[in-house]
Amino acid sequence: MTETYNENISYSDFRRQLIEWYQAHKRELPWRESNDPYHIWVSEIMLQQTRVDTVIPYYEQFMRKFPEMEDLAYAEEEEILKVWEGLGYYSRVRNLQAAVREVVEHYGSVVPDTRKEIEQLKGVGPYTAGAILSIAYAKAEPAVDGNVMRVLSRVFCMEDDIGKPQTRKKHEAILYELIDKSDPSSFNQGLMELGALVCTPTSPGCLLCPVRTQCLAYERGQQERLPIKMKKKKAKSIELESFLLKTEKGELLIEKRPDKGLLAGLWQLPVLEGRFDPGERQQKLAEKYHIEAEPSAANFQVKHIFSHLIWEIELYVGRANRNGELPANCRIIKAEELEQYAFPVSQQKLLNHCLEEGWL
DNA sequence: AATTCGGGGCG
DNA sequence: CGCCCAGAATT
């Protein structure tokens, strides 16, 4: 197959220019110090939908805590969630642990090196499979992420909506031809590095681009308009009340979220969805937590924005007396023990305010 | 094919 | 505020 998509481009020139630029300009990143498939794997999972600068400290802490796959495979869930706390998309770390356990127990602690096998591991999709295969195993497999689709959309002046699943496959098909077979690692990372540093979403640095002379979008002045992406729907708003409830001994009530869905397995202060009168609030708390409490407004709100919804949390504070058995997903703990539990950022905002007010 | 999963940084 | 980020799983 020949140059179907861009008559101007010389594939061999593109490969050479990209890889030379990458070798000269690549950032020094912790996961670039080794090609150990486990190291690459952890970094790629963390980097899903997450910026490099955010990942760096998490990656370093994670590798200190779980230097070998066995260390992760047999860690407690509480421990892995705590390490992931604040990074988001918490199912990533559950899936990573399950997949690492699979590798330890069924692949003799050797990460598989075929797309077929590796894509069957939990949390490893087409992108991550390609990244591990090319970076750790030098296999000529594409790794199509947002950066790559932006770069290719511009180089080939493609009008396809990069939000559609089909578009990723089209990019993969191009890359099977375009990828450098002798150094697929530098090629794939170079494409992503170019997208991160030069071929940026807005105001791309075309004058600094190593493949500018082969870019169809640049030639046509379309680089600012591409890639095409459909706008997504607005997030819907949800009102919550959250409660700092302390016993007479000064301990507080916390609750573990369900093991599926949003923020699965993380801990939080007791929460009710909605806005309530004092009476209904007291009744709801009694039903849900088996406690007697009439907390009062703390005059503190947290607005926390997710991609698809918005939490508006109103904080209440008060004394609680147990009234029946503690629900299975709840615990009463001392303030010093809070650091053992993983809390979502929205809850950390509440807890920090309580700390500043001296309520903890 | 469309939704659900977090959180932060930037114009 | 809206957009995007080294995406994958679920429906």
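Sequence lines set the chain letters: A, B, ... in the order given, protein chains first and strands last, and positions in each chain run from 1.
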Self-check item: A/Q48 side chain to A/Y127 side chain, donor-acceptor N/O pair below 3.5 angstrom
Solution: no
Exercise. Using the C1' atoms only, state how far C/dC3 lies from B/dG6, rounded to an integer number of Å.
Key: 15 Å
Quiz prompt | Residues within residues 253-265 of chain A bordering DNA chain B, heavy-atom distance below 4.0 Å | solution = A/G261, A/L262, A/L263
Quiz item: Crowded around A/K181 NZ? As in, over 12 foreign heavy atoms under 6.0 Å?
Solution: yes
Quiz item: Does A/K122 NZ have over 12 foreign heavy atoms under 6.0 Å away?
Solution: no
What N/O pairs connect the protein and nucleotides 8-11 of chain B at under 3.5 Å? Give each pair on its own line.
unit_1: B/dG8; atom_1: N2; unit_2: A/R51; atom_2: NE; d: 3.3
unit_1: B/dG8; atom_1: N2; unit_2: A/R51; atom_2: NH2; d: 3.1

Quiz item: Between A/Q214 and A/Q17, does any side-chain donor sit less than 3.5 Å from a side-chain acceptor?
Solution: yes
Practice problem: List the steps and the verdict of salt bridge (Lys or Arg N to Asp or Glu O under 4.0 Å) for A/E76 and A/K82. | Solution: CA-CA 10 Å; A/E76 296 292 331; A/K82 187 64 189 176; over 6 Å; no
Quiz item: What's the verdict on salt bridge (Lys or Arg N to Asp or Glu O under 4.0 Å) for A/E273 and A/K284, showing C-alpha distance, side-chain angles and the deciding distance?
Solution: CA-CA 10 Å; A/E273 181 173 340; A/K284 294 271 185 187; over 6 Å; no
Practice problem: Could you tell me whether the side chain of A/E85 and the main chain of A/F343 form a donor-acceptor pair under 3.5 Å? | Solution: yes
Quiz item: Which part of the nucleic acid, if any, lies within reach of A/Y89 when heavy atoms closer than 4.0 Å are counted: base, sugar-phosphate only, or nothing?
Solution: base
Quiz item: Is the backbone of A/E141 close enough, under 3.5 Å, to the side chain of A/N188 for a donor and an acceptor to pair up by distance?
Solution: yes
Self-check item: Test side-chain hydrogen bond (donor to acceptor under 3.5 Å, both in side chains) applied to A/Q222 and A/E224, A/R225, A/R220, the passing residue
Solution: A/R225
Quiz item: Side chains of A/Q268 and A/S242: is there a donor and an acceptor less than 3.5 Å apart?
Solution: no
Self-check item: Contact interval (first through last nucleotide) of DNA chain C with protein chain A, 4.0 Å heavy-atom
Solution: C/dC1 to C/dA9
Practice problem: Name the nucleic acid region contacted by A/S91, choosing base, sugar-phosphate or nothing; use a 4.0 angstrom heavy-atom cut-off, strictly under. | Solution: nothing
Exercise. Decide whether A/Q283 and A/E287 meet the rule of one side-chain donor and one side-chain acceptor closer than 3.5 Å.
Key: yes
Quiz item: Of all the nucleotides listed (B/dC5, B/dT3, B/dG6), which has the minimum atom distance to the side chain of A/H308?
Solution: B/dC5
Quiz prompt | Along DNA chain B (nearest heavy atom to each residue), the more 5'-positioned of A/L309 and A/Q166 | solution = A/Q166
Quiz item: When we call it a touch if two heavy atoms are under 4.0 Å apart, what does A/S346 touch: a base, just sugar-phosphate, or nothing?
Solution: nothing
Quiz prompt | Touch class at under 4.0 angstrom, heavy-atom based, for A/L29 against every strand present | solution = base
